[in-house]
Amino acid sequence: ESEMAPPSASAPAGIWQVRVADANGKNVRVITSGNSISTNPFWSPDGSLIYFYRFVYGKPKWQLWSMKPDGSDMTQLTHDTSASSEMVSG
């Protein structure tokens, strides 16, 4: 297993998405997509998951999500339905 750089977020097409890269900064891959904003990614303590905040258009709130480093098994961890648009924490 190769080491990976900390996950990051960028918005080259105007919508923020999570990306990962090898430890040397090469082989950059965008691992989220869709009509939502995904940002503030960080590794789980054991390095097996990436946690990030996601705002899905049409929904009222930022939610905390997790996924594997390859972008699979994306799971919504919080389900706050209040009208606030602030980020929530698990």
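Counting begins at 1 with the first residue of the sequence. None of these values were measured; they are calculated from a predicted model.
The OH atom of Tyr53 sits 11.0 Å away from atom OG1 of Thr39, with the distance rounded to the nearest 0.5 Å. For the atom pair Phe55 CZ and Ile15 CD1, the distance stands at 12.0 Å (nearest 0.5 Å).
Residues passing the side-chain contact (heavy atoms from CB on, under 4.5 Å) test with Thr32, sequence neighbours excluded: Gln17, Val18, Ser38, Phe52, Met67, Met74. By the side chain to side chain donor-acceptor pair (under 3.5 Å) test, Ser72 pairs with Asp70, sequence neighbours left out. Not counting sequence neighbours, the partners of Asp73 by the salt bridge (charged side-chain N to carboxylate O under 4.0 Å, His left out) test are Lys68. Applying the side chain to side chain donor-acceptor pair (under 3.5 Å) rule to Ser44 yields the partners Asp46; only residues at least two apart in sequence or on another chain are considered. Partners of Ser8 by side chain to side chain donor-acceptor pair (under 3.5 Å), not counting sequence neighbours, listed by chain and number: Arg19.
Counting heavy atoms from C-beta outward, Thr78 and Trp62 have side chains that stay 4.5 Å or more apart. Between Leu49 and Trp43, the closest side-chain pair of non-hydrogen atoms is not below 4.5 Å.
Under a hydrophobic-cluster definition in which Ile, Leu, Val, Met, Phe, Trp and Tyr are linked whenever side-chain heavy atoms come within less than 4.5 Å, directly or via other members, Tyr51 and Ile37 are assigned to the same cluster. Two different hydrophobic clusters hold Val28 and Trp16 under the rule that ILVMFWY side chains link at heavy-atom gaps under 4.5 Å.
Between Ile50 and Pro69 the shortest heavy-atom distance is CD1-CA, 4.0 Å. Taking both residues in full, the closest heavy atoms of Gln76 and Gln63 are given as NE2-CG, 3.4 Å, listed atom of the first, atom of the second, then distance.
For the salt bridge (Lys or Arg N to Asp or Glu O under 4.0 Å) condition, the pairs that include at least one residue of residues 24-45, sequence neighbours left out, are Asp22-Arg29.
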